Amino acid sequence: MLAVQPLPAEAFDFSSLDIFGLFGSKEQPPAVSADTLPYKLEFDLGDAADAKALTRTLQDASLLYRLRQDAPPDGETLARRMAADLNPLVDALWSQGYFNADVTLEVDGARLRVGGEPDAGLVRALEAYRNREPAPIKVEIAPGPVFGLRKVDILERGEVGAPSIADPQKVAKLKPGDAATASALRSAQAALVDYLRAQSRPLAKIVELRPVVDHAARIMDVTYVVDPGPLAGFGDIAIGGTVDVPPEVVRSFIYLEPGDPYSPKALADTRKSITSIPAIGSARIREGDKLDGNGNLPIFVEVTERPKRLIGFSARYSTIDGPAVKTYWEHRNLFGGAERLRLEADIFLAPRIDGSSIQRFGDFEQSDLGGRFSFSFMKPALNGSRYDLLVDGMATRERVGTNRYGGYTARYANITTSIRRRFSDTFSVQAGLEVERGQTSDVLGQVDYTLVGIPLSVKYDSTDSLLDPTRGIRATASVAPYAMFGDNTNALFQTKASIAGYYALDEDARYVLAGRVGFGSIAGADLDEIPATRRFYAGGGGSVRGYAYRSLSPLGPLNRLTGGRSLFEASAEARIKITETIGIVPFFDAGMAFASELPNFKETLALSAGLGLRYYTPIGPIRLDVAAPLNPRKGDKPVAVYISIGQAF
């Protein structure tokens with residue numbers, strides 16, 4: 001969902017844009033004048049195979065290119081600028097493995113090479129363009145062949161005994177014959193240090209890099225000298241940057257303890273855990289530069305607090321479920337202990353389930369609007385512990401179903417108070433007391449009820465992102481016994497579970513496989529004794545896409561939806577990034593609710609397939625899914641479209 005917040009007004013400079021050349025471009029040199037000597041630059045790499053990429057590298061290194069909008073006053077100054085450009089250009093070529101490259105700067109036959117000084121002829125050639133046109137400077141590059149690696153040695157110094165890296169060449173991913181580029185050498189250096197740090201050696205470093213270039217043979221020999229440093233654990237953890245949030249609250253979300261083995265992953269997980277506190281905007285973790293007296297590494301955590309108050313608005317839409325809007329207000333430090341209070345109000349279109357439809361504005365009735373008001377309160381780290389107090393409440397008026405298959409109407413209020421115990425940044429358990437009072441009505445009749453239950457749940461989440469996970473597992477399971485009062489007094493026992501897994505096929509997570517399975521069951525009461533809101537339904541943007549929200553369930557009298565006592569859902573996606581910001585997602589969904597206490601797979605599952613488009617933003621992917629039912633029932637629409645922020649699961 002999309003939150004919209006006001007931004008400060010700022011002036012916008014259209015001259016910084018180059019839209020079809022309408023507003024000017026930095027590729028155009030400054031206007032000619034009698035007081036300055038503008039120039040234009042051309043890179044000529046001949047028939048080099050990677051000319052485009054190499055030109056970009058040379059431009060990044062070139063002083064002439066960076067200062068092309070700053071015209072010098074005369075030819076002598078421009079000639080000196082050209083001379084200063086030669087060595088950076090050579091360094092850029094060497095960084096790409098071109099150690100025999102030839103670089104020449106030329107203006108109307110006057111040439112400047114590496115090691116040469118600008119002469120009077122070059123200055124005259126430049127001055128000839130004063131007040132006439134930009135001086136044409138050509139950068140002529142003969143790159144020659146890319147040098148390869150012949151010999152790669154990785155030596156350790158410091159500790160005596162077994163090597164810290166059993167197979168250093170495999171870790172460095174350098175082998176004879178590879179291109180001798182600076183990026184490859186830096187990557188190998190980083191890989192060696194990262195490997196050692198992951199082995200609890202936080203002070204590991206490369207103390208020497210010895211490249212030897214043989215220009216005649218067109219090869220390079222390289223030697224890395226590695227200092228692995230001692231094995232170490234985490235030392236004392238200092239917390240700074242807190243202003244209104246008590247440090248003990250931040251400490252309760254840090255699961256490191258002094259003496260634990262040092263691990264870069266543990267530090268990354270700690271940063272993620274700290275920023276899950278609503279009052280904390282960011283966390284910076286700094287490592288000590290030496291070990292303490294116990295041989296451990298001190299850790300310094302600096303946090304930045306977020307603004308205390310937040311107000312926002314969000315909207316969502318699907319072609320089947322219709323529009324919905326939400327407004328919310330949040331306080332992130334209500335009583336000075338990082339308590340969060342969030343108030344939300346939703347308004348949504350309630351689908352018609354009586355066979356009628358809205359054809360024009362005059363057909364619209366008040367009952368066609370559904371609404372929900374909810375609040376959630378969290379007090380984290382009770383007395384500095386890893387226990388959190390959670391209080392959630394909701395009042396809802398809704399109508400769910402389809403025009404053809406009916407559904408239910410409901411009015412109810414719910415409040416749940418829970419205690420959550422966090423064992424780590426990935427695992428927690430929760431227990432509470434829940435009370436709900438309401439009224440539901442459907443084809444099976446009206447149920448006036450009061451439920452009192454004790455919900456118990458566990459959660460495990462090792463994923464790397466809330467809105468766009470690419471690796472890890474996300475699993476939840478809950479059981480809740482309920483005593484029921486009102487029209488029926490039978491007890492209910494509700495069970496829910498879901499698990500989702502994410503697997504990146506490549507290091508950059510451009511190709512991700514994602515899958516999800518969900519299960520639900522209600523025991524202890526007959527179907528018509530269970531409030532319709534507690535029965536199971538499938539279908540919708542977070543379930544089986546292509547079918548209307550909560551429209552997949554057993555059919556009862558008059559061929560109307562009744563909901564079920566059990567549920568099964570499954571989804572599979574291939575998330576493919578085409579560019580850094582655009583991706584496609586082919587997907588397949590299946591699911592159904594069943595009248596029996598356990599899913600009956602002899603019955604037909606609803607199936608759907610579709611294709612999604614993702615636009616990746618800093619706050620998460622914007623999702624556009626187009627789904628089609630594969631075994632539609634009469635009355636199901638052939639295609640459904642869903643738009644929201646975040647992945648489907």
Side-chain angles (χ1 to χ4, degrees), residues 1 3 187 190-191 193-195 197-200 202 234 250 252-256 260-278 280-287 299 301 303-304 306 380 386 420 422-428 458-477 498-518 542 571-587 612-623 625 644-649:
M1 293 182 293
S187 178
V193 172
D194 288 347
Y195 178 87
R197 284 169 56 82
Q199 305 306 309
S200 298
F234 289 111
V250 178
S252 81
F253 283 79
I254 299 175
Y255 301 95
L256 307 177
D260 289 350
Y262 172 86
S263 164
K265 182 180 184 303
L267 291 179
D269 292 341
T270 296
R271 187 180 299 106
K272 177 182 175 183
S273 176
I274 293 172
T275 54
S276 70
I277 305 172
I280 300 299
S282 64
R284 177 176 176 264
I285 298 179
R286 181 170 55 87
E287 303 175 16
I299 300 298
V301 178
V303 301
T304 302
R306 303 172 76 181
R386 289 176 181 160
R420 177 175 63 195
R422 294 175 279 108
F423 290 91
S424 70
D425 59 307
T426 60
F427 180 68
S428 64
V458 297
K459 180 179 180 181
Y460 175 80
D461 189 347
S462 64
T463 58
D464 54 355
S465 172
L466 178 64
L467 293 177
D468 187 23
T470 62
R471 296 175 174 87
I473 294 174
R474 183 175 292 162
T476 60
S498 68
I499 183 169
Y502 310 89
Y503 180 74
L505 299 177
D506 63 309
E507 187 174 347
D508 296 329
R510 299 185 68 86
Y511 304 92
V512 178
L513 301 180
R516 177 184 67 93
V517 176
S571 297
E573 293 188 346
R575 300 171 181 174
I576 304 167
K577 271 192 173 181
I578 300 174
T579 70
E580 290 301 315
T581 57
I582 301 296
I584 59 172
V585 180
F587 59 84
L613 179 68
R614 302 291 183 268
Y615 179 71
Y616 294 92
T617 73
I619 62 173
I622 297 176
R623 172 170 72 109
D625 284 343
S644 67
I645 287 183
Q647 300 285 5
F649 59 88

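Counting begins at 1 with the first residue of the sequence. Since the model is a prediction, treat every value here as computed from it, not as a measurement.
The heavy-atom pair separating Gly281 from Thr275 by the smallest distance is O-CG2, 4.2 Å.
At a cut-off of 3.5 Å, with distance as the only test, a side-chain donor of Thr476 or Ser498 sits close to an acceptor on the other residue. Side-chain contact of Arg422 with Tyr255: a donor-acceptor pair under 3.5 Å is present, judged by distance alone. Thr463 and Arg474 share a donor-acceptor pair across their side chains, judged by distance under 3.5 Å alone.
Side-chain contact check for Glu580 versus Arg510: some heavy-atom pair is nearer than 4.5 Å. For the pair Tyr460/Phe423, no side-chain contact is recorded, criterion being any heavy-atom separation below 4.5 Å from C-beta on. No side-chain heavy atom of Ile645 sits under 4.5 Å from any side-chain heavy atom of Pro621. Using a 4.5 Å heavy-atom cutoff, the side chains of Ile254 and Ile274 are in contact.
A donor-acceptor pair under 3.5 Å links the side-chain atoms of Asp506 to the main chain of Tyr511, judged by distance alone. Between the side chain of Ser273 and the backbone N or O of Asp269, no donor-acceptor pair lies under 3.5 Å. In this structure, the side chain of Ser462 does not engage the main chain of Gly472 through any donor-acceptor pair within 3.5 Å. Of the possible polar contacts, one joining the Asp464 side chain to the Thr470 backbone as a donor-acceptor pair under 3.5 Å is found.
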Exercise for the section: Output, in order, the C-alpha distance, side-chain angles, deciding distance and verdict of side-chain contact (heavy atoms from CB on, under 4.5 Å) for Asp625 and Arg614. Expected result: CA-CA 9 Å; Asp625 284 343; Arg614 302 291 183 268; 2.8 Å; yes
Exercise for the section: Take Leu613 and Ile582, measure what side-chain contact (heavy atoms from CB on, under 4.5 Å) needs, and give me the verdict at the end. Expected result: CA-CA 7 Å; Leu613 179 68; Ile582 301 296; 4.1 Å; yes
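Counting heavy atoms of neighbouring residues, nucleotides and ligands inside a 6.0 Å radius, atom OH of Tyr503 does not exceed 12 of them. Annotation: Lys459, atom NZ; neighbour count of heavy atoms from other residues, nucleotides and ligands within 6.0 Å does not exceed 12. Within a 6.0 Å radius of CZ in Phe427, more than 12 heavy atoms belonging to other residues, nucleotides or ligands are found.
From Arg306, atom CZ reaches atom OG of Ser282 across 10.0 Å, with rounding to the nearest 0.5 Å. Atoms OH and CG, from Tyr616 and Leu467 in turn, are 12.0 Å apart once rounded to the nearest 0.5 Å. In this structure, Leu267 CG and Tyr262 OH are separated by 5.0 Å, a value rounded to the nearest 0.5 Å.
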